[in-house]
Each structure stands twice: as C-alpha cells, then as structure tokens.
Amino acid sequence: MYLLALHRNGALYLGVTSNLIEKQIKKWRRTWKLDLIEQANPDWQDLAVTLGLNSRA
C-alpha cells in the first residue's frame, strides 16, 4: 500500500496491492489518513529519495 500527498493537507493518492486487508484503508476518512501520515512523517518530508526515486522538490 502506498499513500502519497502533494503537500500538507493537499490531495491524497492511495494505491494498494492485491492484499484485501490493505484495501480497507481506502474506506478510511480523510482525517484518519492524514493522522497516519502525521504519525509516520510529521514534517511531511519528501520520501522519494529514500525509495530510490528523484525528489519532486
């Protein structure tokens, strides 16, 4: 599962694998998804580089 945001409180993009348990997050409220992001990445840092991708900044 992946959750992408353009910026803090911007559009959220969610992608999932074929694992049905991970698809449950698609039904979560937006505030729950934002809380999940805040817990894992409170400064909203671009994590693309940590995944081996180019940063969009």
Side-chain angles (χ1 to χ4, degrees):
M1 191 260 325
Y2 61 89
L3 186 58
L4 302 173
L6 294 178
H7 52 78
R8 184 183 298 263
N9 295 322
L12 297 177
Y13 300 94
L14 175 69
V16 296
T17 66
S18 60
N19 184 335
L20 294 177
I21 293 173
E22 291 178 342
K23 287 185 179 183
Q24 292 175 359
I25 196 172
K26 290 189 92 164
K27 296 179 183 178
W28 286 13
R29 295 177 184 208
R30 179 180 174 83
T31 55
W32 297 352
K33 293 174 190 175
L34 291 174
D35 287 344
L36 182 64
I37 294 170
E38 291 282 346
Q39 289 174 21
N41 188 1
D43 296 325
W44 288 72
Q45 296 295 315
D46 185 348
L47 301 177
V49 175
T50 63
L51 298 172
L53 304 170
N54 292 328
S55 175
R56 294 191 44 110

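The basis for the numbers below is simple: all heavy atoms, side chains too, and nothing from hydrogens, waters or symmetry mates.
When the salt bridge (charged side-chain N to carboxylate O under 4.0 Å, His left out) test is applied to R8, the partners found at least two apart in sequence or on another chain are E38. In this view, A11 and L6, Y13 satisfy the side-chain contact (heavy atoms from CB on, under 4.5 Å) rule, not counting sequence neighbours.
Put simply, CG on L3 and CG on L36 are 6.5 Å apart, with the number rounded to the nearest 0.5 Å.
L12 and L14 fall within a single hydrophobic cluster, where Ile, Leu, Val, Met, Phe, Trp and Tyr are joined by side-chain heavy atoms under 4.5 Å apart, directly or via other members.
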Which donor-acceptor pairs under 3.5 Å do the side chains of residues 27-35 make with protein atoms, sequence neighbours left out?
| from | atom 1 | to | atom 2 | distance (Å) |
| --- | --- | --- | --- | --- |
| R30 | NH2 | N9 | O | 3.2 |
| R30 | NH2 | G10 | O | 2.6 |

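No donor-acceptor pair closer than 3.5 Å links the side chain of D43 to the backbone N or O of Q45.
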